[in-house]
**Student:** 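Okay, here's the structure, questions in a sec.
Keep in mind that what you see is a predicted model, and the values were worked out from it rather than measured. Every chain is numbered from 1, with letters handed out A, B, ... down the list of sequences.
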2 protein chains.
Amino acid sequence: MTLDEEIARLSALANPHRFRIIALLAAESLHVSELARRLGMSRALLYMHLQRLESAGYVTGHLELSDDGKALKFFEVVPFEVTTNVARIVAAVAADTESTH
Amino acid sequence: MTLDEEIARLSALANPHRFRIIALLAAESLHVSELARRLGMSRALLYMHLQRLESAGYVTGHLELSDDGKALKFFEVVPFEVTTNVARIVAAVAADTESTH
DNA sequence: TACACGTGTAAAGTATTTCTTACAGGTAAA
DNA sequence: TTTACCTGTAAGAAATACTTTACACGTGTA
């Protein structure tokens, strides 16, 4: 795990909307429009947050066809455990310094 | 731990400069000017990052008088272990929803 | 006195992230 | 055809985060 990746992991989580998205998806898989309604936010905004979460690997989305033929994009959480401590940070910085130097 | 605190903890770490600050201080306690020299950054900027880290509890600073009578502000890391996972996020969001609703 | 070193902060500029508004396009049912 | 759903993105506004520059002030040494 590089320094950049480590930071991307942390910053992808550091947002209240994204916390709520994860909390909702933890209970059940939902499609984008439904999720937007429950969170009371615009779809456009939700998309941005979902992409940030998906890039970091915290959620994953896939298209699904509903009974009445609509394409729904469902998202679900990918179980994760993010741990950061002094040793990890030292290692990430050291690795980065060597690769860059 | 509230939702806001949880997010503050994560975002305080989510920065390459702050990673490097922690990595340096992990090896030895340093005063601000010396730290700035080693990192190659301005003192003013370093101050901002140190304050962010100190507010979140990752480092702590104290004034110390050098042999030649100068007041030096030394910083050191406060050992920590930050863990985030789905369950923690669900709990933080639930607590927040109840206190706010 | 002037110089070299230190702490601390305020203000202004830049960059990044977050948010809104406005589109284009698709399927199914009334 | 109109209505009611859905996906997806682009462009600009607003809010935050980050960075620089410029100060004020203090101690010890040349």
**Student:** Where does the chain A footprint on DNA chain C start and end, counting 5' to 3' with a 4.0 Å heavy-atom cut-off?
**Tutor:** C:dT18 to C:dA28
**Student:** One character per nucleotide, please: for nucleotides 1-20 of chain D, 5' to 3', B when the base has a protein heavy atom closer than 4.0 Å, S when only the sugar-phosphate does, - otherwise.
**Tutor:** ----BSBBBB-------SBB
**Student:** For residues 41-52 of chain A, run the donor-acceptor check on the side chains, cut-off 3.5 Å, and write out each pair with its distance to 0.1 Å, sequence neighbours left out.
**Tutor:**
from: A:S42; atom 1: OG; to: A:L45; atom 2: N; distance (Å): 3.1
from: A:H49; atom 1: ND1; to: A:R18; atom 2: NH1; distance (Å): 3.0

**Student:** What pairs with B:D68 under side-chain contact (heavy atoms from CB on, under 4.5 Å), at least two apart in sequence or on another chain?
**Tutor:**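 Scan of B:D68 (side-chain contact (heavy atoms from CB on, under 4.5 Å), adjacent residues dropped) gives B:S66, B:K70.
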**Student:** Would you tabulate the side-chain donor-acceptor contacts of residues 87-94 of chain B under 3.5 Å, counting partners in other chains and residues two or more places apart, or write 'none'?
**Tutor:**
from: B:R88; atom 1: NE; to: B:E6; atom 2: OE2; distance (Å): 3.0
from: B:R88; atom 1: NE; to: B:T83; atom 2: O; distance (Å): 3.0
from: B:R88; atom 1: NH2; to: B:E6; atom 2: OE2; distance (Å): 3.1

**Student:** Apply side-chain hydrogen bond (donor to acceptor under 3.5 Å, both in side chains) to B:N85 and list each qualifying residue two or more places apart in sequence or on a separate chain.
**Tutor:**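 With sequence neighbours excluded, B:N85 shows a side-chain hydrogen bond (donor to acceptor under 3.5 Å, both in side chains) to A:E81, given in chain and number order.
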**Student:** Residues sharing B:L72's hydrophobic cluster, by side-chain heavy-atom contacts under 4.5 Å among ILVMFWY, directly or via others?
**Tutor:**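 Members besides B:L72, by chain and number: B:F74.
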**Student:** Using the salt bridge (Lys or Arg N to Asp or Glu O under 4.0 Å) criterion, which residues pair with A:R38? Sequence neighbours excluded.
**Tutor:** A:E28, A:E34
**Student:** Going by side-chain heavy atoms closer than 4.5 Å, which hydrophobic residues are tied to A:L63, directly or by a chain of links?
**Tutor:** none
